[in-house]
Amino acid sequence: MDIRAILMGLLFALLWSSAFTSARIIVADAPPLASLALRFFLSGVIGVTIARMLGQSWHLTRAQWRATLIFGLCQNAIYLGLNFVAMQWVEASLASIIASTMPLMVALASWVILRERLPRLATAGLVMGIVGVVIIMGARLDAGVDVTGVALCFIAAVALTVATLMVRGASSGGNVMMIVGLQMFVGAGILAVVSALTETLTFTPSWKLLAAFTYTTLGPGLLATWVWFALVGRIGATRAATFHFLNPFFGVAIAAVLLGERLGIQDIVGVGIITVGILAVQLSKQSNTAK
């Protein structure tokens with residue numbers, strides 16, 4: 001793994017983790033699904049425009065179209081849609097911790113569904129991840145966390161797991177920025193319909209809302225997605241996924257600094273255990289690939 005790949009991975013982890021804090025700011029003053037649909041539409045317009053300027057083609061392979069549609073549905077519409085809704089009741093730090101368990105869910109799905117044999121290091125990582133989640137959830141439930149919001153975050157993480165399994169098909173064959181833009185339109189279309197059926201379009205305009213929305217559109221929305229696809233294309237999905245072990249730390253740190261969210265001892269211990277568990281799972285995959 002070269003320096004450029006490391007910097008790309010760090011940038012992705014930072015952008016991805018910051019999305020929960022900016023989302024928390026947005027949903028405080030605007031309807032979550034409508035805001036997200038607008039964000040996806042704008043990101044899609046920008047992404048496709050940049051792709052055309054780079055000479056990228058609309059003509060994707062069948063595998064790319066299939067992966068793009070599923071990625072747009074699972075990550076943008078389901079994962080981010082549910083997280084934005086849940087962020088009305090759940091703190092950004094907790095949402096980021098739950099979402100960070102995605103690599104553990106991928107490993108678990110590979111074992112249960114695909115019948116892949118897990119190395120001992122991966123098994124240990126899964127156990128540590130589960131223990132970390134139990135510690136954090138125990139503390140949060142005692143503090144009166146909203147159970148519905150937490151459930152939505154876990155369902156969203158499952159959707160992100162499915163989307164992640166499709167990344168390889170979306171990033172192969174070039175046209176990365178075009179794929180990024182097109183999958184944004186998939187999320188925008190689905191969420192616009194759901195928002196029209198379920199939400200009242202009222203919002204409280206403010207500079208804070210505008211700043212959070214602009215950042216979310218350009219940073220986590222467009223740049224982070226492009227960096228992730230490019231990183232997977234550069235070093236492969238297994239090595240790229242290693243950077244997810246930084247997400248629990250970055251997520252809670254950004255929420256604490258910008259939103260003033262407080263963390264207890266159990267939260268810190270749980271985050272530490274989950275982080276080590278994610279790293280163990282990813283390192284086991286690298287060792288397995290090397291063999």
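The model shown is predicted, which means the values in this text are computed figures rather than measured ones.
- Inter-residue side-chain proximity for Met178 and Val48 is flagged as met; some heavy-atom pair is nearer than 4.5 Å.
- The two residues Ala99 and Ala157 make their nearest non-hydrogen contact at CA-CB, 4.5 Å.
- Looking only at side-chain heavy atoms (C-beta outward), Thr217 and Leu222 stay at 4.5 Å or farther from each other.
- Counting only residues at least two apart or on different chains, the salt bridge (charged side-chain N to carboxylate O under 4.0 Å, His left out) pairs with a member in residues 254-277 are Arg140-Asp267.
- In this structure, Phe249 is a member of the same hydrophobic cluster as Leu279, with clusters built from ILVMFWY side-chain heavy atoms closer than 4.5 Å.
- Across Ser17 and Ala13, no two heavy atoms sit closer than the pair OG-O, 2.7 Å.
- Considering CD of Glu199 and CG of Leu191, their distance stands at 9.0 Å, rounded to 0.5 Å.
- Linking ILVMFWY residues whenever their side-chain heavy atoms come closer than 4.5 Å, directly or via other members, leaves Ile278 and Val276 in distinct clusters.
- A distance-only check finds a donor-acceptor pair linking the side chain of Asn76 to the backbone of Gln183 [under 3.5 Å].
- In this structure, CD1 on Ile273 lies 12.5 Å from CD1 on Ile130, to the nearest 0.5 angstrom.
- Environment of CG in Leu197: crowded, with over 12 heavy atoms of neighbouring residues, nucleotides or ligands closer than 6.0 Å.
- Under the 4.5 Å side-chain contact rule for hydrophobic residues, Met53 and Ile46 do not share a cluster.
- Atom CG of Leu231 sits about 10.5 Å away from atom CD1 of Ile6, to the nearest 0.5 Å.
- Annotation for Ala159 and Ile78: closest pair CB-CG2, 3.5 Å, computed over non-hydrogen atoms.
- Between the side chain of Arg24 and the backbone N or O of Val90 there is at least one donor-acceptor pair closer than 3.5 Å.
- Applying the salt bridge (charged side-chain N to carboxylate O under 4.0 Å, His left out) rule to pairs touching residues 26-48 yields nothing, sequence neighbours excluded.
- Transitive grouping of hydrophobic side chains (ILVMFWY, heavy atoms separated by less than 4.5 Å) keeps Leu94 and Val134 in distinct clusters.
- Using a 30° and 60° split on the angle between ring planes, Trp16 and Phe12 fall in the tilted class, from 30° to 60°.
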Can you give each donor-acceptor pair under 3.5 Å made by side-chain atoms of residues 145-156, sequence neighbours left out, with the distance rounded to 0.1 Å?
{"from": "Asp146", "atom 1": "OD1", "to": "Thr148", "atom 2": "N", "distance (Å)": "3.2"}
{"from": "Asp146", "atom 1": "OD1", "to": "Gly149", "atom 2": "N", "distance (Å)": "2.7"}

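- Residues in residues 95-104 take part in no side-chain hydrogen bond (donor to acceptor under 3.5 Å, both in side chains) pair, two or more places apart or across chains.
- Between the side chains of Gln64 and Thr68, no donor-acceptor pair of N or O atoms lies under 3.5 Å.
- Side chains of Ser93 and Thr21 form no contact here, defined as non-hydrogen atoms less than 4.5 Å apart.
- Taking the side chain as every heavy atom from C-beta outward, Phe20 and Ile254 never approach each other to under 4.5 Å.
- When atom types are taken as modelled, the side chain of Gln75 and the backbone of Gly72 share no donor-acceptor pair closer than 3.5 angstrom.
- With sequence neighbours excluded, the residues forming a side chain to side chain contact (heavy atoms under 4.5 Å, CB included) with Leu54 are Ile50, Gln56, listed by chain and number.
- Looking at heavy atoms from C-beta onward, Ser35 lies out of side-chain contact with Thr216 at the 4.5 angstrom threshold.
- Pro32 and Val85 get closest at one heavy-atom pair: CB-N, 4.1 Å.
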Could you walk me through whether Leu182 and Trp58 pass side-chain contact (heavy atoms from CB on, under 4.5 Å), step by step? CA-CA 9 Å; Leu182 293 176; Trp58 302 91; 4.3 Å; yes
Test side-chain contact (heavy atoms from CB on, under 4.5 Å) on Cys74 and Ile70; report intermediate values, then the result. CA-CA 6 Å; Cys74 293; Ile70 294 178; 3.8 Å; yes
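- Hydrophobic clustering (ILVMFWY, side-chain heavy atoms < 4.5 Å, transitive): Ile268 and Met128 are in distinct clusters.
- Residues Leu246 and Leu14 have side chains not in contact (no heavy-atom distance under 4.5 Å, counting atoms from C-beta outward).
- Note: Met87 CE to Leu82 CG = 11.0 Å, rounded to the nearest 0.5 Å.
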Which is it for Phe41 and Met184 under the side-chain contact (heavy atoms from CB on, under 4.5 Å) test, yes or no, and what are the steps along the way? CA-CA 7 Å; Phe41 176 75; Met184 293 291 179; over 6 Å; no
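- Atoms CD1 and CG, from Ile190 and Leu33 in turn, are 12.0 Å apart once rounded to the nearest 0.5 Å.
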Candidate pair Ser43 and Leu218, rule side-chain contact (heavy atoms from CB on, under 4.5 Å), full reasoning: CA-CA 7 Å; Ser43 295; Leu218 300 178; over 6 Å; no
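- In plain terms, the two heavy atoms of Leu201 and Ala34 that are nearest each other are CD2-CB, 3.5 Å.
- Between Ile274 and Ile136, the closest side-chain pair of non-hydrogen atoms falls below 4.5 Å.
- Looking only at side-chain heavy atoms (C-beta outward), Phe185 and Val45 come within less than 4.5 Å of each other.
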Please table the atom pairs, donor to acceptor, closer than 3.5 Å between any side-chain atom in residues 202-215 and protein atoms at least two apart or in another chain.
{"from": "Ser206", "atom 1": "OG", "to": "Leu209", "atom 2": "N", "distance (Å)": "3.1"}
{"from": "Thr214", "atom 1": "OG1", "to": "Leu210", "atom 2": "O", "distance (Å)": "2.8"}
{"from": "Tyr215", "atom 1": "OH", "to": "Ser18", "atom 2": "OG", "distance (Å)": "2.6"}

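- Rounding to the nearest 0.5 Å places CH2 of Trp65 at 9.5 Å from NE2 of His59.
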